[in-house]
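A quick write-up on the structure given underneath.
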Amino acid sequence: MISTTIMMMFGALVILTLCSVVAVKVRDAGLVGAIVAILLGFAAVTFSNPSLIYYSAFVLVISFINLASLKTIKSVIQGVDYGLVGLMALATLYIFSTQDLAMVLAAFVIVSVPTYILVMVREGGTNVEVGVKYITFMVLATVLFLIGAVTLAYTNNAPNDLLYIFGYVMLVLGLSMEVGVAPLHEWVPDVFASADPIPLSIIASLAKVVPFIIALKILHSTATPLIVSLSLFTAVLAAISMFTGNIGALTSKEPARVLAYSTVANMGYVLACVVVIAKPEYFYFALTGALLMLFANAAGKIGFFNAIKNKGAFSPLMYMLAFSFIGLPPLMGFWGKLFILFTLVKAEYVWLVALMVLNSAISVPYYLRLARELGVGWKADLTNYICVAAVLLTLVTFLPDWFFKGMEVIAQTISIAI
């Protein structure tokens, strides 16, 4: 029997497709279709599982801000690009609602493929050179990730230590290349420095959530005693990414390149959460930390990239986003890092805690420099309103206990049957 959630999601996809087709002639039809489809997807997911309300609300707001960002450019596919954002949003909303491996991997592909088009979108044309470079790395990342996921699912039914190690390494390497974890981050600085800032704000925000959720779900559901030793491999990758990203950002001058290396560092923080798979009783702490960090990264990247596009945004807003990245309380970046640090302590990775605190300190000068360079006076334009929305998003977790409780319920419900 087809569930109500599946039926509503199918309806959202139909609306999204029809409106994207119409958008070729009537540009705003794509925007309307994306908004309606995302709202329908939000209702479908929260109706079937009310504990997802907080997660879904964050995805909803980030998606709407991304749609608003696209209003600031006139791309050759404007209208259809709203549909691509809507598609990514639906997959991100749906990812906690299924435990079927085929649907999980389909969601991964649905989130990844639209970015191939978005990265080439720019004002008045397309950037094919950037697109080719990006697609090459993403195809390789997708192949590694899928091989790892399928291999781990196979070993879950037919235990084999060598295959399990192979699957774990392939999955983590694929995830690392997909989101930009060092040393598999080579595409990040070049693409971020060359592509249009608005599509990049989408790729650096909405597209980062699903790969981490899928990796956590698969690794958690297929864990064997070997995971204790293998988590060291992930921890070392996370540490390398933190240092590579923060030192790269500290020594970069161009704002887009600074944000590229900032992404490398932040993905290192989030990857560190994966080590908690060895201590599954703390899985929901890792899930809470990873998602808060991803949402904080999304808000900051949206604000800063929009400011780059518009040659600056209101100075206090820039500093607020910088403070969130640095991790000052009560902003979202602080809560994300706090939960990740707690997770690492419980996973007995105290040395990684020390490195994360050190890297947070290293990041302070370049985030403040970025805020100073991009800060200008107030103008009543769409870019500044988008930055206001991004800053408000970072303030929502003033007391994140409600978000943590929601993640605890989700972690219990996804104990997992792949």
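On a predicted model such as this, the values are computed, not experimentally measured, just so you know.
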Quiz item: After noting the C-alpha distance and the side-chain angles of Val376 and Ser315, does the key distance pass the side-chain contact (heavy atoms from CB on, under 4.5 Å) rule?
Solution: CA-CA 5 Å; Val376 295; Ser315 187; over 6 Å; no
In sequence, state the C-alpha distance, the side-chain angles, and the governing distance for Ile302 and Ser69, and then conclude on side-chain contact (heavy atoms from CB on, under 4.5 Å). CA-CA 8 Å; Ile302 290 170; Ser69 298; 4.2 Å; yes
Heavy-atom closest pair (Gly303 atom, Cys387 atom, distance to 0.1 Å) is O-SG, 3.6 Å
Between Ser51 and Asn49, the two heavy atoms sitting closest are OG-OD1, 2.5 Å
>> Does any part of the side chain of Lys301, heavy atoms only, come nearer than 4.5 Å to the side chain of Asn266, both counted from C-beta?
In response: yes
Per-pair distances, 0.1 Å, donor-acceptor, side chain in residues 234-246, under 3.5 Å, sequence neighbours excluded:
| residue | atom | partner | partner atom | Å |
| --- | --- | --- | --- | --- |
| Thr234 | OG1 | Tyr168 | OH | 2.5 |
| Ser241 | OG | Ala182 | N | 3.1 |
| Ser241 | OG | Val264 | O | 2.7 |
| Thr244 | OG1 | Ile240 | O | 2.7 |
| Asn246 | OD1 | Tyr366 | OH | 2.5 |
| Asn246 | ND2 | Met242 | O | 3.1 |
| Asn246 | ND2 | Tyr269 | OH | 3.3 |
| Asn246 | ND2 | Asn359 | O | 3.4 |
| Asn246 | ND2 | Asn359 | OD1 | 3.0 |

Residues at least two apart in sequence or cross-chain that pass side-chain contact (heavy atoms from CB on, under 4.5 Å) with Val345, listed by chain then number, are Val353
Across all chains, not counting sequence neighbours, the side-chain hydrogen bond (donor to acceptor under 3.5 Å, both in side chains) partners of Tyr367 are Ser262
Separation between CZ (Phe137) and CG (Leu184), nearest 0.5 Å, reads 9.0 Å
(Q) Using modelled atom types and a 3.5 Å cut-off, is there a donor and acceptor pairing between side-chain atoms of Ser194 and backbone atoms of Val191? (A) no
So salt bridge (charged side-chain N to carboxylate O under 4.0 Å, His left out) across residues 331-356, not counting sequence neighbours, yields Lys279-Glu348
One should read off an interatomic distance between Trp351 CH2 and Tyr349 OH, to the nearest 0.5 angstrom, of 7.0 Å
Do Ser324 and Thr394 pair up side chain to side chain, a donor and an acceptor below 3.5 Å, judged on atom types alone? no
d(Leu344 CG, Met356 CE) to nearest 0.5 Å is 6.5 Å
Interatomic distance, OG1@Thr4 vs CE@Met8, rounded to 0.5 Å, equals 8.0 Å
- Task: May I have the step-by-step check of side-chain contact (heavy atoms from CB on, under 4.5 Å) for Leu271 and Ser176, ending in yes or no?
- Result: CA-CA 8 Å; Leu271 183 67; Ser176 299; 4.2 Å; yes
Output for pair (His220 NE2, Lys217 NZ), nearest 0.5 Å, gives 11.5 Å
Heavy atoms of Leu393 and Ala299 approach each other most closely as CD2-CB, 3.8 Å
side-chain hydrogen bond (donor to acceptor under 3.5 Å, both in side chains) filter on Asn66, not counting sequence neighbours, yields Ser205
So Tyr261 and Thr251, side chain to side chain donor-acceptor pair (under 3.5 Å) or not? Walk me through it. CA-CA 10 Å; Tyr261 281 109; Thr251 54; over 6 Å; no
Taken in chain and number order and not counting sequence neighbours, the residues that satisfy side-chain contact (heavy atoms from CB on, under 4.5 Å) with Phe323 are Tyr319, Ile326, Leu328, Leu331, Leu368
Interatomic distance, CG@Leu175 vs CE@Met267, rounded to 0.5 Å, equals 9.5 Å
**Study point:** Donor-acceptor contact below 3.5 Å, side chain Trp187 vs main chain Met177
**Key:** yes
**Message:** Would the distance check show the side chain of Thr98 and the main-chain N or O of Asp100 forming a donor-acceptor pair, the cut-off being under 3.5 Å?
**Reply:** yes
Q. Do Phe304 and Leu317 touch side chain to side chain, with heavy atoms closer than 4.5 Å?
A. no
Residue pairs passing the salt bridge (charged side-chain N to carboxylate O under 4.0 Å, His left out) test with at least one member in residues 129-139, sequence neighbours excluded, are Lys133-Asp190
Sorted by chain and number, sequence neighbours left out, side-chain contact (heavy atoms from CB on, under 4.5 Å) with Val228 holds for Ala278
Here the ring pair (Phe, Tyr, Trp, His ring centres under 6.0 Å) pairs for residues 97-127, sequence neighbours left out, are Phe108-Phe145
Report the C-alpha separation of Val111 and Leu87 in whole Å, then their side-chain angles, then the decisive distance to 0.1 Å, and conclude whether the side-chain contact (heavy atoms from CB on, under 4.5 Å) test is met. CA-CA 7 Å; Val111 168; Leu87 196 60; over 6 Å; no
Practice task
Establish, yes or no, whether a centroid distance under 6.0 Å links the rings of Tyr385 and Trp378.
Solution key: yes
ask   = Are side-chain heavy atoms of Ile35 and Leu67 found at a separation under 4.5 Å?
value = yes
Nearest heavy-atom contact between Val132 and Thr136 is O-OG1, 2.7 Å
- Query: Can you tell if the side chain of Leu93 reaches within under 4.5 Å of the side chain of Leu52, non-hydrogen atoms only?
  - Reply: no
Given the options Tyr54, Phe339, Phe58, Tyr55, Phe403 meets ring-ring contact (aromatic ring centres under 6.0 Å, His included) only with Phe58
Across all chains, not counting sequence neighbours, the side-chain contact (heavy atoms from CB on, under 4.5 Å) partners of Leu60 are Ile38, Leu39, Phe42, Phe64
When every non-hydrogen atom of Gly131 is compared with those of Val119, the smallest separation belongs to CA-CG1, 3.9 Å
Item to complete: May I ask you to test the Met9-Val45 pair for a side-chain heavy-atom distance under 4.5 Å?
Response: yes
Worksheet item: Taking C-beta and beyond as the side chain, do Thr142 and Val113 meet within less than 4.5 Å on heavy atoms?
Response: no
* Donor-acceptor pair, Thr263 side chain versus Leu259 backbone, under 3.5 Å? -> yes
For Ala149 and Leu171, the nearest pair of non-hydrogen atoms, with its separation, is N-CD1, 3.8 Å
(request) Keeping the roles fixed (side chain from Asn297, backbone from Ala204), state whether a donor-acceptor pair exists under 3.5 Å. (result) yes
side-chain hydrogen bond (donor to acceptor under 3.5 Å, both in side chains) filter on Asp381, not counting sequence neighbours, yields Asn310, Asn384
Under 3.5 Å donor-acceptor, Ser56 side chain and Ile53 backbone: no
Practice problem: Assess the side chains of Lys309 and Thr383: does a donor N or O sit below 3.5 Å from an acceptor N or O? | Solution: no
With sequence neighbours left out, the residues meeting side-chain hydrogen bond (donor to acceptor under 3.5 Å, both in side chains) with Lys208 are none
Is the closest side-chain heavy-atom distance between His185 and Val179 below 4.5 Å?
no
- [ ] Taking Arg369 for its side chain and Leu250 for its backbone only, find out whether a donor-acceptor pair lies under 3.5 Å.
- [x] yes
Do Ser231 and Val274 make a side-chain contact, defined as non-hydrogen atoms from C-beta onward lying under 4.5 Å apart?
no
